[in-house]
Asker: 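One structure, as structure tokens, below. Some questions next.
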Amino acid sequence: MPDLQSPLAVEEIDRPLAQTFGMRKGVVSHVYERNVSMTTRDGVTLRANVWRPAEGKAPTLLVRNPYDKDAPASAGSPRESFPAVFSFVNAGYAVVIQDVRGAFESDGAFAPKINEIADGEDLMVWLAEQDWYDGTVGAFGSSYLGMTQWGLALGDNPGLKAIAPTVAAANWYSGLWYSPGGALRLSLVTFWNAMMYASEEQRSLKRAESIDDSALLRLGGALLDPLPLNESTPVVSLPVLGTGRWLDEWLAHPDFDEYWKAQDWSARIGEVTVPVLATGGWYDLKVHESVADFVRVRTHGGSEEAREQSRLVIGPWDHVNWSGSFPDRYFGVLAAEDLAPSHVEFFDEHLKGISPETPAPRVRIFVMGIDQWREETDWPLPDTRYTDYHLTSGGSANTRDGDGTLQLEAPGAEASDEFRYDPRDPLPTAGGALLPNLPGLVGPVDQRVIDSRPDVLCYTSPVLTEPVEVTGFIELKVFVSASTVDTDITAKLVDVFPDGRAINLCDGILRLRYRNSLSEPELMTPGHVYEVTVPMSVTSNVFLPGHRIRLDVSGSNFPHYDRNSNTGGVISSEALEDMIVADTTIHHGGTRPSRLVLPIIER
């Protein structure tokens, strides 16, 4: 390839590479410039790569990125790397990919989320000064790159016409670093911060701000083998990550307090006036909030266009694997698809005013089980019927071979099941919506690797004779008591196949101190019975004839979530030797009707 430090026409790029990316031959329509500078209102220089028209004006698509604008996978979603950029270029767009403040080629100090609204506004001011800018802007990208789009939508940016956040969330507490039930997403927090701290160390070495590469080597080693990061306690003293950066603040605020409320952009979605194309995956760690954000725009968006023209797409993907192929579950050839064409159509409609021949559906979801894409008119699906599946047993629901059952009829007799949660031997994570993306840790995983443990309660339906579709948000409403002042309840929805495979669909956790409020924790009285709700995220699956519906309940899911110390103290500050064992009882039947609430679709 030619030297990308200087401007060049895209046609000068190596022809085989151009053909791979689907660029048009014989047409010199755009110019590429690397490290184009702009200055923020407080004097910080940010740098971007720009694909712009060689002549004339064009609508512009923005990507604001902390993961290196020069890395192909950073130019969009996992299925939208540099090939997607050229798809947009070929469709007549300028594309600007900017390193956010403090990341890679941009100056300043990186502080997650803090500067994104203001810096996005300043980028828009710079863009308005360019002679190739036609006055209309859209934005695309995944994960943090999706969050920066919400920042653009909440800023003073009149030229913004549409955003397309992928696997992203506007709420950074219950949508990212903590769960909707208040537990720390430990494996994500350690992995992501090791990655970002390594980037900072690399940047310091590159700019000769440091001659000591030991921290970079330690962090690099941790990224090669990330799981041991989670074993160290107290979490606030993780030896590889060190102290003195933003992680300290996150751990110092385990409650949804004013620190997090100031960063909760989901509460401001009523200010969003542009259409949103939200894309996510059933096994993505942000899917709960991705869908919730779409619902917020649909119901509270600040314009009719935002409310009526926003779109939702959910596939059988995790945060980085968009193939639909996992070691324990393959969703078929339809599962993987190129998102760029639908993005081009979305931006053509809202930036160029080109109406598609066939209007895009408001909601498009991949229904697992039948492994098919389906179009819907809205979310929640209008024909949703929330149905209680009651927990019952003879008192021995422990393990997959226990006597726990799920039934539609409310059991008259009261009964209970018990399990012991020991922080020194937590239930290992086996699949789900998390990072890092490691086989056996993420996505659909056969639960037989863990469901024979006595600290797992399994409640299973009879073998189905008819298909049962579950599409929507899932909750467990359960009566619980414990021997300690605090502990966790985990819940997992499982599809049990005729051959015995037990594939997880979605899960959740409730830290019981947050049973009434994420902002105002309340410790429990040991032995007292509480009715609580465990949020279990969202899914779409048809349980086929011959299959069974199963609910798994336990007290841990480690290292997806941090282990509760059960003491009622500040968990991130406690060492393993400070933690105590909790004996937990699940009550059901009679006046304590514990039940799994499923959104059933009947057609």
Side-chain angles (χ1 to χ4, degrees), residues 281-284 287 314-319 321-336 365-372 389 391 393 397-407 419 427-434 437-471 474 476 490-508 536-554 556-558 560 596 598 600:
W282 297 128
Y283 293 97
D284 173 51
V287 66
I314 308 289
W317 311 312
D318 66 27
H319 198 65
N321 176 4
W322 287 49
S323 69
S325 179
F326 299 87
D328 290 346
R329 181 71 164 87
Y330 175 53
F331 291 102
V333 296
L334 298 177
I365 57 174
F366 189 93
V367 183
M368 299 180 290
I370 58 174
D371 295 350
Q372 296 176 5
Y389 280 72
L391 283 60
S393 77
N398 309 73
T399 81
R400 63 174 177 263
D401 297 320
D403 62 6
T405 61
L406 283 179
Q407 61 184 49
F419 65 86
L427 185 69
T429 296
L434 65 152
N437 182 260
L438 297 175
L441 189 74
V442 179
V445 171
D446 190 341
Q447 298 302 294
R448 288 180 293 185
V449 297
I450 59 170
D451 63 13
S452 62
R453 287 177 48 128
D455 54 352
V456 181
L457 305 180
C458 297
Y459 300 91
T460 311
S461 75
V463 174
L464 300 176
T465 58
E466 299 290 338
V468 175
E469 179 179 338
V470 173
T471 298
I474 316 295
L476 171 63
T490 66
K492 185 180 297 182
L493 181 64
V494 178
D495 186 349
V496 181
F497 286 61
D499 62 6
R501 282 180 299 147
I503 301 298
N504 57 298
L505 296 169
C506 61
D507 63 75
M536 296 175 60
S537 194
V538 63
T539 194
S540 179
N541 185 74
V542 174
F543 294 85
L544 297 172
H547 290 229
R548 291 176 291 163
I549 303 169
R550 196 174 85 189
L551 168 71
D552 291 355
V553 177
S554 189
S556 53
N557 184 347
F558 179 84
H560 185 182
L596 174 67
L598 296 181
I600 302 297

Asker: Might you point out which heavy atoms bring Asn437 and Asp318 nearest each other, and give the distance in Å?
Answerer: ND2-OD2, 2.6 Å
Asker: Given side chains that start at C-beta, do those of Tyr389 and Ile549 come closer than 4.5 Å, heavy atoms only?
Answerer: yes
Asker: Between the side chain of Thr490 and the main-chain N/O of Ser554, is any donor-acceptor distance below 3.5 Å?
Answerer: yes
Asker: Ignoring hydrogens and angles, tell me if any N or O in the side chain of Asn504 forms a donor-acceptor pair with the backbone of Val494 under 3.5 Å.
Answerer: no
Asker: Could you pull out the closest heavy-atom pair between Pro316 and Ala335, with the gap in Å?
Answerer: CG-CB, 3.6 Å
Asker: If every non-hydrogen atom of Ile370 is compared with every non-hydrogen atom of Val367, which pair is closest and at what distance?
Answerer: CG1-O, 3.6 Å
Asker: Hey, could you give me the CG/CD1 distance between Leu505 and Ile474, rounded to the nearest 0.5 Å?
Answerer: 8.5 Å
Asker: Taking atom CD of Glu469 and atom CG of Leu544, what is their separation to the nearest 0.5 Å?
Answerer: 10.5 Å
Asker: Hey, does the side chain of Thr429 reach the backbone of Phe558 with a donor-acceptor pair shorter than 3.5 angstrom?
Answerer: yes
Asker: Closest heavy-atom contact between Pro439 and Pro327?
Answerer: CB-CG, 4.2 Å
Asker: Hey, what do you get for CG (Asp284) to CG (Leu434), rounding to the nearest 0.5 Å?
Answerer: 10.5 Å
Asker: Under the salt bridge (charged side-chain N to carboxylate O under 4.0 Å, His left out) test, which residues partner Asp451, sequence neighbours left out?
Answerer: Arg400, Arg550
Asker: Are the side chain of Ser556 and the backbone of Leu427 linked by a donor-acceptor contact shorter than 3.5 Å?
Answerer: yes
Asker: Does any non-hydrogen side-chain atom of Asp446 lie less than 4.5 Å from one of Phe497?
Answerer: no
Asker: With heavy-atom distances below 4.5 Å as the criterion, would you say the side chains of Val470 and Ile600 are in contact?
Answerer: yes
Asker: Rounded to the nearest 0.5 Å, how far apart are OG1 of Thr539 and OH of Tyr283?
Answerer: 6.0 Å
Asker: So which heavy atom on Met536 is nearest to which on Cys506, and how close?
Answerer: O-SG, 3.2 Å
Asker: Going by heavy atoms in the side chains, are Thr465 and Pro545 under 4.5 Å from each other?
Answerer: no
Asker: Minimum heavy-atom separation for Val287 and Trp282, please, with both atom names.
Answerer: CG1-O, 4.0 Å
Asker: Once you round to the nearest 0.5 Å, how far does CG of Leu596 lie from CG of Leu493?
Answerer: 6.0 Å
Asker: Give a yes or no on whether the backbone of Val445 and the side-chain of Gln447 come within a donor-acceptor separation of less than 3.5 Å.
Answerer: yes
Asker: Looking only at the side chains, is there a donor atom on one of Asp495 and Asn541 sitting less than 3.5 Å from an acceptor on the other?
Answerer: yes
Asker: Which class fits the ring pair Trp322 and Trp317: parallel under 30°, tilted 30 to 60°, perpendicular over 60°?
Answerer: parallel
Asker: A quick test of your reading: do over 12 heavy atoms of other residues, nucleotides or ligands sit less than 6.0 Å from CZ of Arg548?
Answerer: no
Asker: Would you say the side-chain atoms of His547 pair up with the backbone N or O of Val542, donor to acceptor, closer than 3.5 Å?
Answerer: no
Asker: Nearest 0.5 Å please: distance from the OG1 atom of Thr399 over to the CD1 atom of Ile450.
Answerer: 12.5 Å
Asker: Salt bridge (charged side-chain N to carboxylate O under 4.0 Å, His left out) with Asp371: which residues, sequence neighbours excluded?
Answerer: Arg329
Asker: Please report the C-alpha distance between Asp507 and Asp552 in whole Å, then the side-chain angles of each, then the deciding distance to 0.1 Å, and finally whether the side chain to side chain contact (heavy atoms under 4.5 Å, CB included) criterion is met.
Answerer: CA-CA 9 Å; Asp507 63 75; Asp552 291 355; over 6 Å; no
Asker: Quick one, Leu391 with Leu406, criterion side chain to side chain contact (heavy atoms under 4.5 Å, CB included). Give me CA distance, side-chain angles, the key distance, then yes/no.
Answerer: CA-CA 5 Å; Leu391 283 60; Leu406 283 179; 4.0 Å; yes
Asker: For the side chain of Asn321 and the backbone of Ser325, is there at least one donor-acceptor N/O pair under 3.5 Å apart?
Answerer: yes
Asker: Considering only heavy atoms from C-beta outward, does the side chain of Ser461 approach that of Phe543 to under 4.5 Å?
Answerer: no
